[in-house]
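What you see is a predicted model, and the numbers here were worked out from it, not measured in a lab.
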Amino acid sequence: MSNAYLDALKKRRTQYSLGRNLSASKEELATLIQDAIKHSPSSFNSQSSRAVILFGAESIKLWDLAIEAVRKVAPAEGFDKTEAKLKSFAAGVGTVLFFEDQDVVRSLQEKFALYADNFPVWSEQAGGMAQLSVWTALANAGVGASLQHYNPLIDGVVASEWKIPASWKLRAQMPFGSNENGFGDKGFMDDAERFRVVG
């Protein structure tokens with residue numbers, strides 16, 4: 001059975017070798033990212049996911065700030081490899097900062113007290129779906145990306161630098177750009193260990 005969505009999903013791979021050789025404009029990329037998040041599902045249609053899309057010098061600034069934040073906690077020995085990895089993220093066109101709005105979570109907890117314990121979990125699930133949607137949309141457009149998690153180390157500097165609302169909780173960072181290298185084979189565990197089909 002042919003399925004365009006699965007074909008797009010299979011294109012989504014981690015790309016660490018990013019460049020700036022994209023034909024799409026900043027406006028086109030921003031619209032693509034926004035549409036992917038807008039049309040991602042969320043429990044109770046909460047739309048709790050938020051994003052800040054950094055391009056050019058602003059994206060480079062993010063990874064410079066991350067280098068300094070990580071340097072404070074990482075062993076000095078071997079930090080050159082960590083720094084090189086962080087700089088590779090700055091080599092792309094931009095970075096998406098993914099947040100979940102905790103005001104939305106708290107509001108739903110108050111409105112639907114029976115499900116109060118579930119709303120933080122559902123928010124995380126919504127955020128994950130938004131991240132996957134963006135990553136898949138970028139991959140389908142020929143744009144490379146990876147998903148990074150330098151939060152909470154960089155939460156404070158990110159909030160200060162880009163005037164992030166206090167209720168927005170940083171969950172992930174997605175550097176993106178041109179694919180400067182191919183992809184190796186991806187391994188999968190045996191289906192029998194993961195799935196059960198009943199009936």
Are [X] and [Y] close enough that a side-chain donor and a side-chain acceptor fall under 3.5 Å?
X    : Y    : result
D101 : S48  : no
Q109 : D117 : no
Q148 : S146 : yes
T95  : Q173 : no
S42  : Q47  : no

Partner set under side-chain contact (heavy atoms from CB on, under 4.5 Å) for A91, not counting sequence neighbours: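 Checked A91 against side-chain contact (heavy atoms from CB on, under 4.5 Å); zero matches.
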For A141, all residues meeting side-chain contact (heavy atoms from CB on, under 4.5 Å), sequence neighbours excluded: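 Result, side-chain contact (heavy atoms from CB on, under 4.5 Å) vs A141: L32, V143.
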Please check if the number of heavy atoms outside F183 that lie under 6.0 Å from its CZ is greater than 12.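 Correct, the count exceeds 12.
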Parallel, tilted or perpendicular for F112 and F44, by the 30°/60° rule?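 Geometry flag for F44 against F112: tilted rings.
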Please work out which of the three classes, parallel, tilted or perpendicular, describes the rings of F55 and F176, given edges at 30° and 60°.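 Correct class here is perpendicular.
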Quick one: list whatever passes side-chain hydrogen bond (donor to acceptor under 3.5 Å, both in side chains) with [X], sequence neighbours left out.
X    : answer
Q131 : none
W168 : none
N181 : S17

Checking salt bridge (charged side-chain N to carboxylate O under 4.0 Å, His left out) between E83 and each of K81, K87, K85, which is the one that passes?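 Output: one option passes, namely K87.
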Taking only residues at least two apart or on different chains, which pairs with a member in residues 184-199 satisfy side chain to side chain donor-acceptor pair (under 3.5 Å)?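 Every pair satisfying side chain to side chain donor-acceptor pair (under 3.5 Å) with a residue in residues 184-199: there are none.
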